[in-house]
Amino acid sequence: MITEDLVREKLGEVHYPGFSRDIISFGLVKGVTVLGNDVAVKIGIATKDPNIPRTIHEGIETALKTLDGIGEIKIDFDIQDPPEPVTGGNPAAGQSSIPGVKKIIAVASGKGGVGKSTVATNLAIALSKTGAKVGLCDCDLYGPSVALMLGASDEQPMATEQNEIVPIEAHGIKAISMGFLLEEDSPVIVRGPLATRYTQQFLRQCVWGELDYLVLDLPPGTGDIQLTIVQTVAVDAALLVTTPQEVALIDARKAAAMFKKVNVPIAGVVENMAWFECDHGDKYFIFGEGGGKVEAERLGVPLMAQIPLDSSTRERADSGDPIANMDPAESSVSKAFAELAGKLVSV
Ligand code: ADP
């Protein structure tokens, strides 16, 4: 017998295109009616991309057809426009939707621990060393490491009378992170809708001022915070951080697919922990060799940087003085970040 519960269970297998979350947990399923063996599903969705409802429609049909004895399947879509970007209206290509911010660069990874925050933080500093005005927004609410990496965990961002958040300033950049708002060791208890609201606040209600670049440190993976971000602001380019081994590359591929689905251009791949260089200059490919290059070729985007595995990079991140502050002549990692910044500036 077909029941509403059975139908909902099946709908829970249908993913939002490009994301790991399903349409039930995204709250898109507005109603399920079962009449005998016939099923009617109502979906409410905010998108301007006709491919998204089409893909969801196909997904629902495929999932429901696996139910024994299923009769007619009727799927109704209520399609609304997505939330307006901050400036109102769709920003033109290459334009940012946060007033005063020229370019938004999202630093993303498919999985955690590949060095995404390290890349975001050092890239922001390396960009500022080119003379650009730079902001860093830590959207990784559950693992906010930017505050620590900037050595600014004790800083308290101020609020204006209009309830806007004033980012802190450290190492020549402006930054905001959940890490500034939480007591050390306190767990991050924001979930679901609250996480979405915090993210939107960071993006919409921060006094970023005039910036050439706003670097976003995205949470790992392809969940609802990523969706919120790409719906809230027009991201100009995404950088995909991966380590060279297959497990990281598989997840990086998912992240790439997500950006493609939501029309965010991928500027390129950054291969982190590409090799370890010993004192004699020999390179050891601890996580495998060439994975980043192969993935970049597969995606048809440039391999923007290869960052070596380097103990001073980790030490300086922990002590709040990022490696990009070192003279590039004295650190191969600082040099790699300086080159990466140079490439982004010239895009
Ligand atoms: P993610 O944001 O992907 O979870 P992090 O940037 O927090 O990863 O990095 C995880 C850990 O690895 C941190 O301790 C960081 O200092 C270290 N790390 C990242 N990149 C490198 C590197 N190239 N060499 C040495 N340690 C690194």
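All heavy atoms count here, side chains included; hydrogens, waters and symmetry mates do not. Counting starts at 1 for both ligands and their atoms, following the listed order.
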Give the residue and atom name of whichever protein heavy atom lies nearest to atom 15 (C) of ligand 1, and the separation in Å to one decimal.
Thr118 OG1, 3.6 Å
Output the list of atoms in ligand 1 that are nearer than 4.0 Å to some heavy atom of Met149, sorted by atom number.
6 (O), 7 (O)
Is there at least one pair of N or O atoms, one from Thr313 and one from ligand 1, spaced under 3.5 Å apart?
no
Should Asp76 and Lys42 be marked as a salt bridge (Lys or Arg N to Asp or Glu O under 4.0 Å) after you check the CA-CA gap, both sets of side-chain angles, and the distance that decides it?
CA-CA 5 Å; Asp76 266 344; Lys42 196 163 179 352; over 6 Å; no
Indicate if Val7 and Ile24 have the same hydrophobic cluster label, given that clusters are the connected sets of ILVMFWY residues with side-chain heavy-atom separations under 4.5 angstrom.
yes
With rounding to the nearest 0.5 angstrom, report the CZ to CD1 distance, Phe77 to Ile56.
5.5 Å
To check your reading of the model: name the closest protein heavy atom to atom 2 (O) of ligand 1, its residue, and the distance in Å.
Ser117 N, 2.8 Å
Before giving the answer on salt bridge (Lys or Arg N to Asp or Glu O under 4.0 Å), spell out for Asp251 and Lys254 the whole-Å C-alpha distance, their side-chain angles and the decisive distance to 0.1 Å.
CA-CA 5 Å; Asp251 289 346; Lys254 288 186 199 155; 3.6 Å; yes
Just by distance, no angles: are the side chains of Gln306 and Glu271 close enough, under 3.5 Å, to form a donor-acceptor pair?
yes
Atom 18 (N) of ligand 1 sits nearest the protein heavy atom Met273 CE, 3.8 Å
Return yes or no for this condition: an N or O of Ser311 is under 3.5 Å from an N or O of ligand 1.
no
Can you check whether a protein heavy atom sits less than 4.0 angstrom from atom 25 (C) of ligand 1?
yes
Could you check Asp217 against Lys116 for salt bridge (Lys or Arg N to Asp or Glu O under 4.0 Å), going step by step and ending with a plain yes or no?
CA-CA 7 Å; Asp217 183 7; Lys116 171 186 51 60; 2.8 Å; yes
Between Asp78 and Ile45 (side chain of the first, backbone of the second, donor and acceptor by atom type, cut-off under 3.5 Å), is there such a pair?
no
Distance from atom 16 (O) of ligand 1 to nearest protein heavy atom, with residue and atom
Arg314 CG, 3.3 Å
Checking the N or O distance criterion of under 3.5 Å, is ligand 1 in contact with Gly115?
yes
Out of Asp140, Asn122, Asn272, whose heavy atom sits nearest atom 20 (N) of ligand 1?
Asn272
Decide whether the shortest distance between a heavy atom of Pro308 and an atom of ligand 1 is less than 4.0 Å.
yes
Derivation and outcome, salt bridge (Lys or Arg N to Asp or Glu O under 4.0 Å), residues Glu210 and Lys133:
CA-CA 7 Å; Glu210 296 288 318; Lys133 293 195 202 74; over 6 Å; no
Residues Lys343, Glu339: salt bridge by 4.0 Å N-O rule:
no
Considering the heavy atoms of Ala317, write down every atom of ligand 1 situated less than 4.0 Å from one of them.
16 (O)
Is there any N or O on Gly113 that sits under 3.5 Å from an N or O of ligand 1?
yes
